[in-house]
Amino acid sequence: MFSRDFSAFFVFEPFLDIACLSTMGWAGVVFKTIGLFIPQEVSPRFDAIGKEDTPFVGFRNLEQISDHDPEENFETLRRLKEAFPEKVIVSSIMGRNEAEWTELARRSEQAGADIIECNFSCPQMCGNGLGSDVGQDPELVRAYTAAVRKGTRLPILAKMTPNLAHMELPAIAAVEAGADGLAAINTVKSITGVDLDSMASLPQVDGRSAVSGYSGKAVKPIALRFIYDMASCDRLKGVPISGMGGIETWQDAAEFLALGCGNLQVTTAVMQYGYRIIEDLLYGLADYLEGKGFASVEQLVGAGVGKIVPAEQLNRSTLVYPKFDQSRCIGCGRCCISCEDGGHQAITLRKGKPVLDAARCVGCHLCRLVCPMGAIGVSRRIPKP
């Protein structure tokens, strides 16, 4: 279904400039989710954490599916495929019942889509049986995937929600019902903040807000966890995974590939930086692969899955002490304060420089993380005293 040559996609809004498909190296587009209804959007509908410094760390949105007419959307799909026949065009769909899922799949294939992605996971859709309410219910996922399969011969991706404990359960249901691959993660249900004057959460829509989806760099650790869960699940072995959730740099891309993704989707980063981030993704990853001696991306896909083990299998009989570089230390005392108030009281300051009490140190490395100068490194691993 997917080439293991590196491929990256972005979510496409109708009528944006799409010259980047032919000139910048994107493998294709995942079209904004299409339904047989037109939602009424709110304004404003975005909020962010870290926006004062730009780029923001986390991005929250109240946006729903495409607010263009379905006929218009399918016509745009047709024109996309006609203009870029060598690119992969993914039609993302969302129905309100089995009949709509089947109809959307049929019309997506007629429009020339190469893959159909079932959006089982949008956390801010209005109405029962929509969005992440579907993705949390394996039997609904099974029924709607089967309905999509009834309407198309194309490969089907089931897009999973992270708003549950075990993503592999609805993923298994989707595959058993006819899905050829999985996509994860969609946004995380969130409230990013509260205006302490009005007491409304952000963004405010006429003085009120609602729980909605959180994306961007902040959700990457959550995404990687769910990608690993599916990649390591015996009942999902060999099922292709399209990864997303906080991908901004080639390093991010490599991490998703290492945990089992065959291709990647990027949205929030494009909204911040534009289409040109593909240059960093492609060239940075190529340099990394060459430096590591990998002959192809195939060798990277899944390479990190076996390095994650149950907590009880971790080495608990050794430790690694922090190592202080006094020449770089500015004597700020951050390491001492953190260890004293949040650690094991193993660091003291002498003449403005940190000194480690090895008898107290447990090798947690909190000090290394809080050092603003990068003056704390690691020593070799040794048996616990």
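Positions are given from 1, in the same order as the sequence printed here.
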Just so I know, are the side chains of [X] and [Y] near enough to count as touching, which here means a heavy-atom distance under 4.5 Å?
{"X": "M271", "Y": "F46", "answer": "yes"}
{"X": "I277", "Y": "W26", "answer": "yes"}
{"X": "P138", "Y": "I172", "answer": "no"}
{"X": "T145", "Y": "V148", "answer": "no"}
{"X": "S92", "Y": "K159", "answer": "no"}
{"X": "Y288", "Y": "L300", "answer": "yes"}
{"X": "E103", "Y": "N97", "answer": "no"}
{"X": "S108", "Y": "I93", "answer": "yes"}

Using modelled atom types only, decide if a donor and an acceptor are shared between the side chain of [X] and the backbone of [Y] within a distance under 3.5 Å.
{"X": "N315", "Y": "S317", "result": "yes"}
{"X": "S190", "Y": "S212", "result": "yes"}
{"X": "D180", "Y": "I156", "result": "yes"}
{"X": "N163", "Y": "K189", "result": "yes"}
{"X": "D67", "Y": "P39", "result": "no"}
{"X": "K384", "Y": "R316", "result": "yes"}
{"X": "E117", "Y": "S91", "result": "no"}

S198 and Q204: CA distance, side-chain angles, deciding distance, side-chain contact (heavy atoms from CB on, under 4.5 Å) verdict | CA-CA 9 Å; S198 68; Q204 293 188 40; 3.0 Å; yes
side-chain contact (heavy atoms from CB on, under 4.5 Å) assessment of L285 paired with L289 | CA-CA 6 Å; L285 187 60; L289 293 173; 4.3 Å; yes
Check whether more than 12 heavy atoms from other residues, nucleotides or ligands sit under 6.0 Å from atom [atom1] of [X], and answer yes or no.
{"X": "Q40", "atom1": "CD", "result": "no"}
{"X": "K237", "atom1": "NZ", "result": "yes"}
{"X": "D206", "atom1": "CG", "result": "no"}
{"X": "F294", "atom1": "CZ", "result": "yes"}
{"X": "E290", "atom1": "CD", "result": "no"}
{"X": "R276", "atom1": "CZ", "result": "no"}

Under the salt bridge (charged side-chain N to carboxylate O under 4.0 Å, His left out) test, which residues partner E109, sequence neighbours left out?
->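 Expected list: R153.
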Can you name the residues that form a salt bridge (charged side-chain N to carboxylate O under 4.0 Å, His left out) with E312, not counting sequence neighbours?
->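 Salt bridge (charged side-chain N to carboxylate O under 4.0 Å, His left out) list for E312, sorted by chain: empty.
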If you measure from CD1 on I227 to CD on E255, what distance do you get to the nearest 0.5 Å?
->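 Taking CD1 in I227 and CD in E255, the distance rounds to 12.5 Å.
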Could you give the distance from NZ (K32) to CD1 (I65), rounded to the nearest 0.5 Å?
->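 Between atom NZ of K32 and atom CD1 of I65 there are 9.0 Å.
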What I want to find out is whether [X] reaches [Y] closely enough, with some N-O distance under 4.0 Å, to be called a salt bridge.
{"X": "E71", "Y": "R107", "result": "yes"}
{"X": "K81", "Y": "D114", "result": "yes"}
{"X": "K220", "Y": "E248", "result": "no"}
{"X": "R78", "Y": "E75", "result": "yes"}
{"X": "E176", "Y": "R142", "result": "yes"}

Which of these, N186, T187, T33, T161, sits in a side-chain hydrogen bond (donor to acceptor under 3.5 Å, both in side chains) with S121?
->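 Going through the options one by one, the only one that passes is N186.
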Could you pull out the closest heavy-atom pair between [X] and [Y], with the gap in Å?
{"X": "L154", "Y": "T152", "answer": "N-OG1, 2.9 Å"}
{"X": "L236", "Y": "A171", "answer": "CD1-CB, 3.9 Å"}
{"X": "L319", "Y": "P385", "answer": "CD2-CD, 4.1 Å"}
{"X": "F324", "Y": "C335", "answer": "CE2-SG, 4.4 Å"}
{"X": "C122", "Y": "E63", "answer": "SG-O, 4.2 Å"}
{"X": "K353", "Y": "C329", "answer": "NZ-O, 2.8 Å"}

Under 3.5 Å, which donor-acceptor pairs do the side chains of residues 360-377 form with other protein atoms, sequence neighbours left out?
residue, atom, partner, partner atom, Å
H365, ND1, R368, NE, 3.1
H365, NE2, V320, O, 2.7

Please determine, by modelled atom types, if N73 and T76 share a side-chain donor-acceptor pair under 3.5 angstrom.
->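 No, no side-chain donor-acceptor pair sits under 3.5 Å.
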If Ile, Leu, Val, Met, Phe, Trp and Tyr residues are connected whenever their side-chain heavy atoms lie under 4.5 Å apart, and connections chain through other members, are V266 and Y273 in the same group?
->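 Same cluster: V266 reaches Y273 through Ile, Leu, Val, Met, Phe, Trp or Tyr contacts under 4.5 Å.
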